[in-house]
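Remarks on the structure that follows.
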Amino acid sequence: MGSAAEDHPKNQRQGSSSRKCQLKMILLVILTNLLTIYIFSGASFNLKYLSAYTHHLPLPLWDSTSLSDQLNSTVTQLAASHSLIAELHARLNSTNLLVQALLIELARQQEQKDDTHDQLLSDFMKIDNDELIQAIGSHKLPLGHSPRTGSDEIYPSVGAGCLRFQEELTQYMKYDIGGECPVDDVFAQRLMLKGCEPLPRRRCHPKSPVGYKEPTPFPESLWTVPPDSSIIWDPYPCKSYKCLIDRKKVPGFYDCKDCFDLKGREKSRWLVDNGGLDYSIDQVLETKPRGTIRIGLDIGGGSGTFAARMRERNVTIITSTMNLDGPFNSFIASRGLIPIHVSVSQRLPFFQNTLDIVHSMHVLSNWIPDTMLEFTLYDVYRVLRPGGLFWLDHFFCMGSQLNGTYIPMLDRIGFKKLRWNAGMKLDRGVDKNEWYFSALLEKPMT
Ligand SMILES: *[C@@H]1O[C@H](CO)[C@@H](O)[C@H](O)[C@H]1NC(C)=O
Ligand SMILES: *[C@@H]1O[C@H](CO)[C@@H](O)[C@H](O)[C@H]1NC(C)=O
Ligand SMILES: *[C@@H]1O[C@H](CO)[C@@H](O)[C@H](O)[C@H]1NC(C)=O
Ligand SMILES: *[C@@H]1O[C@H](CO)[C@@H](O)[C@H](O)[C@H]1NC(C)=O
């Protein structure tokens with residue numbers, strides 16, 4: 001998930017900063033002028049004082065030479081004063097002009113501020129794409145339909161990151177309106193993972209799989225691998241579910257490698273509590289009065305097996321997952337469970353104090369930058385109801401991070417520890433100080 005932010009020019013920032021620079025220059029010039037006026041007015045005060053003083057001098061009327069000298073000096077002084085006044089006047093004039101210029105500039109900026117969003121968009125959109133502007137630009141509400149927003153305009157939501165990837169975004173929005181969308185799942189998801197989440201909506205139809213059949217009825221669907229005809233395979237390296245199931249035997253790293261094999265490891269997950277890192281669903285549910293854990297979320301839930309097991313216990317779990325190298329979302333839906341295509345970067349789409357349980361296995365780990373993780377954990381806290389459970393399942397980290405970073409972070413957020421297990425991961429018997437911890441945390445009742 002590398003960032004490609006570096007190679008994108010930040011035109012609009014440059015524009016506004018050069019305008020700021022101009023403003024600063026103008027202000028500087030005004031200041032210098034005011035300073036000069038101040039100094040000069042000080043000097044003219046002295047002159048005035050001087051001339052007043054001379055005025056009261058007894059004039060030696062009898063001495064015409066002296067009189068003429070006096071007059072001459074007064075005339076010279078007057079001339080000097082006069083030119084000073086002229087100078088001051090000119091400076092005041094130029095200061096006035098500058099103040100005027102400043103006011104005009106300020107007014108212009110204010111005007112611009114009013115349509116910053118559209119300005120931003122049109123600045124960014126080097127390549128013309130009307131559909132993109134339609135998809136993320138402002139729309140006027142019908143008359144009298146703005147009481148709840150205080151605005152007569154509405155902006156469709158897109159991730160702030162979208163504006164950094166103008167070229168990709170423009171490509172994403174290239175299609176025939178009303179026609180078929182390009183099969184660009186991988187491209188679109190990469191855009192999401194770079195921060196363009198949520199993606200803009202599109203006015204096209206996703207391609208339908210050929211030969212789609214009605215899904216397997218519930219509850220058999222929970223443990224049935226759907227037919228290959230249920231999805232479009234183009235975006236994936238595997239072209240069948242058999243290939244996905246068999247890839248666990250293939251060396252190499254794949255996300256959730258054995259998740260699609262419902263007859264393998266998936267079948268026994270969360271059924272046995274080993275007293276260590278592996279908790280069982282039944283043990284966890286027993287920490288609360290029967291039936292009070294009813295709804296929840298599994299963050300990064302792979303192929304949906306956690307939700308399936310919870311469903312068997314009458315608990316409704318929504319599973320967030322990415323389609324990394326495989327059709328995870330479609331697979332979960334085929335099982336009769338609810339997938340949501342939301343990454344760990346996005347604010348959870350739930351209201352505060354609502355969910356009974358949030359579970360996450362392997363996904364929340366030390367690959368997430370600390371501050372971002374803290375925001376994520378606060379978000380989990382937010383959506384849990386008081387007394388709700390946060391089951392942090394197999395969180396991976398280095399030994400020093402355990403005590404140095406994660407335990408203090410969880411305490412800081414305010415979770416109460418109901419159960420805590422930490423254990424070293426032995427990699428072929430070699431101690432690499434790699435740790436896992438599992439925790440059952442509770443949001444306090446008050
Ligand atoms: C005033 O002084 C200047 C020189 O400082 C001289 O040239 C000029 O003739 C004088 N004028 C009178 C009226 O004395
Ligand atoms: C001040 O500016 C006005 C026009 O802006 C001009 O008519 C006037 O001559 C200027 N005065 C001076 C002293 O420069
Ligand atoms: C789930 O709910 C159904 C219908 O209310 C009930 O018959 C069943 O016993 C429940 N299962 C569990 C495991 O609680
Ligand atoms: C963390 O601290 C506890 C005591 O506070 C200690 O027993 C434990 O060994 C430490 N764990 C690691 C991985 O350093």
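Counting convention: from 1, in listed order, for ligands and their atoms alike.
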Open item on the list: Does this structure show an ion pair linking E442 with K416, if we count only N-O contacts that are shorter than 4.0 Å?
Closed with: yes
Task: K194 bridged to E168 by N-O distance under 4.0 Å - done: yes
TODO: Would you mind running through ligand 4 and noting each atom that sits below 4.0 Å from a heavy atom of W435?
DONE: 13 (C)
Open item on the list: Ring centres under 6.0 Å, that's the criterion: do W435 and F396 meet it?
Closed with: no
- [ ] Return the residue, atom name and 0.1 Å-rounded distance of the protein heavy atom closest to atom 12 (C) of ligand 3.
- [x] N314 ND2, 3.4 Å
TODO: Around atom 14 (O) of ligand 4, find the nearest protein heavy atom and jot down its residue, atom name and distance.
DONE: N403 ND2, 3.6 Å
TODO: From the options K263, R247, R269, K267, select the one residue that forms a salt bridge (Lys or Arg N to Asp or Glu O under 4.0 Å) with D258.
DONE: R269
Open item on the list: Between F415 and F390, is the ring centroid distance below 6.0 Å?
Closed with: yes
TODO: Kindly state if atom 2 (O) of ligand 4 has a protein heavy atom within a strict 4.0 Å cut-off, that is, under 4.0 Å?
DONE: yes
- [ ] Find all atoms of ligand 3 within a distance of less than 4.0 Å from any non-hydrogen atom belonging to E312, and give their numbers and elements.
- [x] 13 (C)
Task: Identity and separation of the nearest protein heavy atom to atom 13 (C) of ligand 4 - done: G399 O, 3.4 Å
